[in-house]
Structure formats: C-alpha cells, structure tokens
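Reading through the structure tokens given below for one structure.
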Amino acid sequence: MTENSALIASFWDASAVSFDEEADHGLREPHVRAAWAERMRSWLPPSPADVLDLGCGTGSLSLLLAEQGHRPIGVDLAPLMVEQARHKLTEAGFDAVMMVGDASSPPAQAGTSFDVILSRHLLWTLPAPEKALRRWVDLLRPGGRLVLIEGRWATAEPSEDHSYPGETAGMPWMGGVEAERLMQALRPMVRTSRVEPLLDPALWGRSIQDERNAVVAFA
C-alpha cells in the first residue's frame, strides 16, 4: 500500500463507526432500504448473479444483494469498513466474502469473472478513474454489466478541496462525475449504456439539490 493509499484508508476508517448513520449508507430506515432494494432488482440480472461490490464500505448494498439471492463479494481499502461489512453480513446469516483491497484494481483473490460490478460514489476517490473502469470491464463476463451509482455533489475544483487526503488535484473526478462525462468515458469500453436519474428523496432519506444518477453499462 502506498503512503497515499494508507492515508485514504485511514480517512475512511475514521468514518467507519458513524458511517451508517447517513440514511443512504446504513439503509436503516425501512422506506430507504425498500427504495434501494427496488432499484437493485431493476439494475441486476435475475439471481443468483456473481457481483463484485467495489468500495463496499460497511456492506449495506452487499447485504441487500445477498438477501435477493445474489453472491456478492465486497472490496474496500479501509479495514474498519470491511470489518463492519463482514459483521453485518455474518449477523444476517450470509457467508459472503468481504476483503481489504484497492477497488481500482481489485485483488485476484476476489475473482476474475463477474456478472455484475457495482460501485457507489467511488469514482471520485480514484486518481485514474477511466483506467479503473477499463479494468472493471475486463472482469465482466460476456453480457455482464457495470452498475455505477454516481453524481456531482460538489462544485469545487479538485485543488480547492483540502478535506480529502493526498493530492486531490490528481483526482480528476473530485466532487463527483456528471452522467454525460461518465457515459463519454465508458463509450469505447462497452456495447451499450443508459442513465437513470436518482432524484427520489426515499433513496437518500432527504431531498437533494445536486445530480445523482445510476449508469448501467453492458459489456
């Protein structure tokens, strides 16, 4: 792990204990959980599918997928996030693999062939997001799909934001990525893709004013 990766892991580890207090992180409120469960069913193929949940955090989406009969594997850079995810799925009775690793280049132990690769609000944290997308597409089986839950929730240029560790100027999608920009990056890598706006307050536990969307792309 590089020094910058260690700083980023520490940043997210510091958030692990309180991370699920956000409605869309912990999915503790029944109506928020139901909203995400419905979207997951619409984005994923029929179960059981092999799903790589990148930047899995505390495992809330992995748990939803397991409950729907899928086989999730979670990867996150932050050990304390992964610990929370393991506990969450084990407590619910699922034997899903949650591992520490770099989501931009998933460890071989996670597997090399998936029906779905899922990420939520991850791309902004990566120094080379387009390279990561290319790697993820390579891990998909023929006809597999990327499910990328993204948005643009900050207007600051990367160099103006000092809250995130490391060289933020080296993170081209700092503050989020617009759907148009993400679709443009994906176009040479996939057969087809579509955008679905995610404006329903039930998904976030509150009304939102910024851009939120899901991009579903097929290899």
Side-chain angles (χ1 to χ4, degrees), residues 1-9 11-12 43-44 50-57 61 72-78 81 99-198 210-219:
M1 183 180 291
T2 66
E3 181 181 354
N4 196 46
S5 294
L7 287 170
I8 291 170
F11 176 91
W12 291 111
W43 296 329
L44 268 67
D50 294 314
V51 184
L52 183 59
D53 182 3
L54 295 174
C56 66
L61 293 184
I73 292 176
V75 175
D76 200 282
L77 193 62
M81 289 283 195
M99 67 174 63
V100 177
D102 182 355
S104 65
S105 183
Q109 304 95 297
T112 57
S113 181
F114 298 92
D115 299 305
V116 180
I117 291 179
L118 166 71
S119 76
R120 180 171 66 169
H121 298 172
L122 171 67
L123 289 168
W124 72 270
T125 71
L126 305 180
E130 294 185 40
K131 183 178 179 181
L133 289 169
R134 199 169 295 111
R135 171 63 177 148
W136 300 351
V137 170
D138 288 343
L139 293 173
L140 288 173
R141 293 168 183 157
R145 65 190 73 181
L146 294 177
V147 178
L148 308 172
I149 302 159
E150 290 295 337
R152 178 70 179 173
W153 47 86
T155 57
E157 290 300 314
S159 59
E160 296 171 359
D161 189 319
H162 303 290
S163 63
Y164 198 67
E167 294 296 327
T168 56
M171 295 176 184
W173 292 352
M174 190 74 183
V177 56
E178 302 89 342
E180 183 179 348
R181 188 174 183 185
L182 180 52
M183 293 280 281
Q184 183 178 5
L186 283 169
R187 198 162 289 122
M189 307 178 198
V190 300
R191 285 188 299 111
T192 60
S193 58
R194 61 181 173 84
V195 178
E196 181 178 327
L198 300 179
D210 48 32
E211 179 180 342
R212 307 286 175 102
N213 54 68
V215 172
V216 182
F218 293 83

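Nearest approach of A179 to V195, heavy atoms of both residues: CB-CG1, 3.8 Å. Nearest heavy-atom pair across C56 and D76 is N-OD2, 3.4 Å. Across every non-hydrogen atom of V190 and S193, the tightest pair is CG2-CB, 4.4 Å. Taking all atoms of both residues into account, the shortest heavy-atom contact from P172 to P127 is CD-O, 3.4 Å. Here the closest heavy-atom approach between residue F218 and residue G143 is recorded as CD2-O, 4.1 Å.
Shown are I149, L52, L54; of these, the side chain to side chain contact (heavy atoms under 4.5 Å, CB included) with L118 is made only by I149. The only option from V177, L133, N213, V216 that meets the side chain to side chain contact (heavy atoms under 4.5 Å, CB included) definition with L148 turns out to be L133.
In this structure a side-chain-to-backbone donor-acceptor pair under 3.5 Å is present from R152 to G176. For the pair D50 (side chain) and D115 (backbone), a donor-acceptor distance under 3.5 Å is absent. For the pair R145 (side chain) and W43 (backbone), a donor-acceptor distance under 3.5 Å is present. Formation of a donor-acceptor pair under 3.5 Å by the R212 side chain with backbone atoms of L198 is not found in this model.
Residues satisfying the side-chain hydrogen bond (donor to acceptor under 3.5 Å, both in side chains) criterion with R181, sequence neighbours excluded, are absent altogether. Not counting sequence neighbours, E130 has no partner by the side-chain hydrogen bond (donor to acceptor under 3.5 Å, both in side chains) test.
In summary, the side chains of E150 and W173 do not present any donor paired with an acceptor at a separation below 3.5 Å, with no hydrogens or angles considered.
Side-chain contact between L77 and T125 is absent, with no heavy atoms from C-beta onward closer than 4.5 Å. Counting heavy atoms from C-beta outward, S105 and K131 have side chains that stay 4.5 Å or more apart. The closest side-chain heavy-atom distance from L146 to V137 is below 4.5 Å.
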